[in-house]
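Read the numbers this way: they start at 1 and go in the same order the structure lists the ligands and their atoms. What's counted below: heavy atoms across the whole structure, side chains too, no hydrogens, waters or symmetry copies.
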Amino acid sequence: MRRVDESTSACLSPVGEVAFIKIRELALLRREPSALSPETIRELKSRLILKSGSATPGQDRLYASRIASKRATASSGPELHIIVPTLQCAHSCQYCQVSRALDSQGFSLSAEQVLAACDLVMQSMAPVLTVEFQGGDPLNRFDLVELAIEALAHHPERRNRPIRFVVASTLHQLTEDMCRYFAQYDVKLSTSVDGPAWLHNKNRPLPTRDSYERTVTGIALARSVLGADSVSALMTTTKLSLEHPEVIVDEYVALGLHEIFLRPLSHYGFAKRNLQMLGYTVEQFMTFYRRALNRVIWWNEQGFSMREVYASLILNKLISSFDAGYVDLQSPNASGRAVLVYNYDGHVYPSDEARMLAESGDISFRMGKIGTPMETLLESPAARRIHLEGAVENDDNCSSCSFRSHCAPSPVDAAASGVATFTIPTSETEHCKRTTALFDEMLKRLAAARARDPNLEKLLQRWSAPAGAGV
Ligand code: SF4
């Protein structure tokens, strides 16, 4: 149950349904549901929030299978494998915790470590695998990316499992030959576009001051060889971005990008030291986010089909039967179970944030060295800690939270936000504050859409489907 406004409350079901009822009906729902109006009872039953008095075993099985479907990401074994072949990157972004200059030595995996990481990927029991190359910029070590793709695609333990390859890159180093190679394995490219040239180039400085131009050239090259939908982009919101939400969204439209991921700045590692200069509050982010989201919706109304990824992920939790597989929003916390990170330093981490935390000296979330058997990694002290501290029932804030079926505490975030070795209460973590604000925002928009804007309701419903199911 979650209050939406003075008169409306949202009832959330763990199977991915939301019903809105009047506050005055709440007491009745708790005390004597049969006394509710027939329309309210119908609504609550159709959304599986009230059980039908005559529920059959078939309906019970349906409910159980919908719960299982919503928990698939957290229960089917590591599906997302992030390989960080190198930290080398030409950029010197102030907010980036990890990158190292192109000539830095000792910031890349060895070929043996890459192959050992691939063996580990194949030890996962997940029926579908996603392998994402991150950095630094992985295209600086295309040789290692190619080595991994070949090893994975032809691995004896693959057992015909589909593998989705993604390379996250600035695309500055992208060549036609690389594109032709990626075409063989249907590799998708993910890049960063922070906004128009003046904003992007300020956020992502290069000595040549042409980061934006080079990324746009890379997008065009990829599209010409790999197809129009081969590149997706995401943006990082900096203090400078906060005043320009509409301009940023418009830039995505101008580039013909039908998805935008409005991501806040991560407060981990090195960025934490610069927080005074670069940081902003969750409230400031939400002000920016609302304006940007309004603009995305406006573009859809103008006939340009566009999806905002963060809204889609939240809506997927709230109103979809199928889980989109977003590892940051799972209950219990799925770091180290649904996702593993094979880092350039030769160690395996439970999440991207955990490897960033390690950059600032906290290596307590290391699961083990690359090459350690999967079983041992999944039983490592770091994995057990996340399992224990990432369960809603073990956390005072989460056990009574309305979103506990869709979200769980983030022990990595609590450690990153803590002082010295003391972690802070979950409700004070960035993860919790941002998640709560985003869920509340989408509940408000959904309630308003259902009440008076059927077109918007249809759009939100479409967004809630897992990505790939259409914008
Ligand atoms: S982390 Fe926050 S939003 Fe998530 S379940 Fe816990 S209390 Fe709720």
Listed partners of R290 passing side-chain hydrogen bond (donor to acceptor under 3.5 Å, both in side chains), at least two apart
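For R290 the side-chain hydrogen bond (donor to acceptor under 3.5 Å, both in side chains) partners, ignoring immediate neighbours, are E441.
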Polar contact flag, side-chain donor to acceptor under 3.5 angstrom, S241-T238
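On atom types as modelled, these side chains qualify, holding a pair under 3.5 Å.
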Can a side-chain donor-acceptor contact be found between N455 and E301 if the only test is distance below 3.5 angstrom?
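Side chains of E301 and N455: no pair found under 3.5 Å.
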Locate the shortest heavy-atom distance separating S320 from P466; write the atom from each residue and the value.
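Heavy-atom minimum between the residues: OG-CD, 4.2 Å.
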Less than 3.5 Å apart, which donor and acceptor atoms pair up between the side chains of residues 21-29 and the rest of the protein, not counting sequence neighbours?
{"from": "E25", "atom 1": "OE1", "to": "K22", "atom 2": "N", "distance (Å)": "2.9"}
{"from": "E25", "atom 1": "OE2", "to": "T40", "atom 2": "OG1", "distance (Å)": "2.8"}

Would you please name every residue forming a ring-ring contact (aromatic ring centres under 6.0 Å, His included) with F304, sequence neighbours left out?
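Only H258 meet the ring-ring contact (aromatic ring centres under 6.0 Å, His included) criterion with F304.
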Under 2.8 Å from atom 2 (Fe) of ligand 1, which protein atoms of type N, O or S occur, listed by chain and number?
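For atom 2 (Fe) of ligand 1, the protein N, O and S atoms that sit under 2.8 Å away are C432 SG.
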